[in-house]
Amino acid sequence: QAQLAESGGGLVQVGDSLRLSCAPSGHIASSYTMGWFRQAPGKEREFVAAINWRGQSSVQDSVKDRFTISRDNAKSTIYLQMNSLKSDDTATYYCAASPAAVGVYWRHRNFKADYWGEGTLVTVSS
């Protein structure tokens, strides 16, 4: 059973940047869409961004001017470049992989992925 592993989280200051990475251990079909969710303490899981193997992506409106998702198909790895971080970005960030196309389903509150990572904590301190 393949798994996803996130890395790159940490403690940063408001205005700083971070780049998260997510790579699988084991085989995940290259056709899978991969993406990021986050969950802040006491809040529901929230869609952040997703990208398919063609590079087509979708990013949550509230972060699209600061966050960029990218993908290296050769490594089956995705990245989330987060700039101008705010305290509201503090959350555990989770990577997911699904055969579902980039689109509405990824934003649905009942979205289910075939694979999830264990999360990486991002703390933005003011």
Side-chain angles (χ1 to χ4, degrees):
Q1 178 76 1
Q3 294 180 323
L4 298 173
E6 305 94 338
S7 60
L11 173 62
V12 296
Q13 301 293 314
V14 169
D16 284 352
S17 297
L18 271 180
R19 190 176 83 151
L20 305 183
S21 300
C22 170
S25 58
H27 176 70
I28 293 179
S30 58
S31 59
Y32 268 50
T33 300
M34 297 177 70
W36 294 96
F37 290 79
R38 67 184 182 183
Q39 187 165 20
K43 294 189 177 181
E44 291 190 350
R45 185 186 70 192
E46 177 183 43
F47 169 78
V48 177
I51 187 167
N52 67 15
W53 67 275
R54 294 188 184 90
Q56 297 167 320
S57 64
S58 175
V59 182
Q60 184 199 105
D61 287 346
S62 64
V63 301
K64 66 190 307 180
D65 59 340
R66 300 185 293 118
F67 291 10
T68 302
I69 188 170
S70 59
R71 178 168 178 156
D72 183 336
N73 286 327
K75 299 179 180 179
S76 298
T77 297
I78 64 169
Y79 306 93
L80 186 68
Q81 178 66 43
M82 304 186 295
N83 298 328
S84 302
L85 283 162
K86 305 176 180 180
S87 55
D88 286 349
D89 296 319
T90 294
T92 299
Y93 285 71
Y94 297 93
C95 179
S98 167
V102 170
V104 173
Y105 180 58
W106 275 79
R107 297 172 180 261
H108 196 281
R109 64 181 301 174
N110 293 327
F111 169 83
K112 289 180 172 57
D114 284 7
Y115 304 96
W116 286 98
E118 293 188 351
T120 186
L121 179 61
V122 173
T123 303
V124 185
S125 172
S126 57

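Residue numbers run from 1 in the order of the sequence given.
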Distance from [X] atom [atom1] to [Y] atom [atom2], nearest 0.5 Å?
| X | Y | atom1 | atom2 | value |
| --- | --- | --- | --- | --- |
| Phe111 | Ser98 | CZ | OG | 4.5 Å |
| Glu46 | Arg107 | CD | CZ | 10.5 Å |
| Gln1 | Ser25 | CD | OG | 9.5 Å |
| Lys43 | Thr90 | NZ | OG1 | 10.0 Å |

(message) Under a 3.5 Å distance rule, please check whether Glu118 uses its side chain to pair with a backbone N or O of Ala5 as donor and acceptor.
(response)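 Answer holds: no.
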
(request) Would you indicate whether Gln3, at its atom CD, is surrounded by more than 12 heavy atoms from other residues, nucleotides or ligands within a distance under 6.0 Å? (result)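 Result for CD/Gln3: open.
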
(request) Taking atom CD of Gln39 as the centre, report whether more than 12 heavy atoms of other residues, nucleotides or ligands fall under 6.0 Å from it. (result)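 Yes, CD of Gln39 has more than 12 neighbouring heavy atoms, counting only those of other groups under 6.0 Å.
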
Search all heavy atoms of [X] against all heavy atoms of [Y] and return the closest pair with its distance.
| X | Y | result |
| --- | --- | --- |
| Gln56 | Asn52 | OE1-ND2, 2.6 Å |
| Pro99 | Asp114 | CD-OD2, 3.5 Å |
| Thr77 | Ala23 | OG1-CB, 3.5 Å |
| Val102 | Ser58 | CG1-CB, 3.4 Å |
| Ala100 | Trp106 | O-NE1, 3.2 Å |
| Ala113 | Ala96 | CB-CB, 3.8 Å |

(message) A side-chain contact here means heavy atoms from C-beta on lying under 4.5 Å apart; do Ser30 and Asn73 qualify?
(response)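 No. Closest side-chain heavy atoms not under 4.5 Å.
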
(message) Within the 4.5 Å heavy-atom criterion, are Tyr79 and Thr68 side-chain neighbours or not?
(response)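 No, side chains not in contact.
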
(message) According to salt bridge (charged side-chain N to carboxylate O under 4.0 Å, His left out), who are the partners of Asp61, at least two apart in sequence or on a separate chain?
(response)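 Applying salt bridge (charged side-chain N to carboxylate O under 4.0 Å, His left out) to Asp61 gives Lys64.
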
(request) Could you list the residues that satisfy side chain to side chain donor-acceptor pair (under 3.5 Å) with Gln81, not counting sequence neighbours? (result)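 Expected list: Asn83.
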
(message) With side chain to side chain contact (heavy atoms under 4.5 Å, CB included) as the criterion, how do Tyr105 and Lys112 come out once you've worked through the C-alpha distance, each side chain's angles and the decisive distance to 0.1 Å?
(response) CA-CA 9 Å; Tyr105 180 58; Lys112 289 180 172 57; 3.8 Å; yes

(request) If you link ILVMFWY side chains whenever their heavy atoms are less than 4.5 Å apart, which other residues fall into the same cluster as Val59? By chain and number, please. (result)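 Result for Val59 is Leu4, Val12, Val14, Leu18, Leu20, Ile28, Tyr32, Met34, Trp36, Val48, Ile51, Val63, Phe67, Ile69, Ile78, Leu80, Met82, Leu85, Tyr93, Tyr115, Val122, Val124.
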
(request) Tell me, please, whether Phe37 has Arg45 positioned over its six-membered ring: NZ or CZ under 6.0 Å from the ring centre and within 45 degrees of its axis? (result)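 Positive - Arg45 is close enough to the ring of Phe37 and near enough to its axis.
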
